[in-house]
Amino acid sequence: TMKCPVIYIGSTRNLASRCKELAGRRHTVFTAILALLVSSSIIDYGFKVTGSIGEARILEDELKTKYSRIHRFKPALVER
């Protein structure tokens with residue numbers, strides 16, 4: 001069982017293009033997701049639609065803060 005069942009993949013203005021990016025072999029998260037699938041893990045994807053870019057940024061900052069409090073570091077590949 002995973003210690004934390006969350007893979008943070010960031011935000012986007014276009015969900016369809018983001019999903020296509022994540023499915024590409026060149027994306028950093030591809031290997032992690034593939035490893036989980038090969039090990040028979042079940043993966044559920046979730047997303048939230050916001051009313052504005054400003055609201056999305058606030059929500060993303062809140063999620064990063066919560067993640068950092070739990071793990072004591074930012075999600076992988078997050079610099080800000």
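Note that this is a predicted model, so its numbers are computed, not measured.
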Could you tell me the separation between the CD atom of Glu21 and the CG atom of Asn14, rounded to the nearest 0.5 Å? 9.0 Å
Non-neighbouring partners of Glu55 that pass side-chain hydrogen bond (donor to acceptor under 3.5 Å, both in side chains), sequence neighbours left out: none
How long is the gap from OG on Ser52 to CD1 on Ile58, to the nearest 0.5 Å? 7.0 Å
Roughly how far apart are Lys20 NZ and Thr12 OG1, rounded to 0.5 Å? 13.0 Å
Taking every non-hydrogen atom, the tightest pair across Phe73 and Tyr67: O-CD2, 3.6 Å
CG (Leu15) and NZ (Lys48) are apart, to the nearest 0.5 Å, by 14.0 Å
Once side chain to side chain contact (heavy atoms under 4.5 Å, CB included) is applied, do any residues pair with Leu34, and if so which ones, sequence neighbours excluded? Phe30, Val38
With sequence neighbours left out, write down each residue that passes side-chain hydrogen bond (donor to acceptor under 3.5 Å, both in side chains) with Ser39, or none if nothing qualifies. Ser41
CD1 of Ile43 to CD1 of Ile33: how many Å apart, nearest 0.5 Å? 5.5 Å
Report yes if the side chains of Arg13 and Ile53 come closer than 4.5 Å at any heavy-atom pair, otherwise no. yes
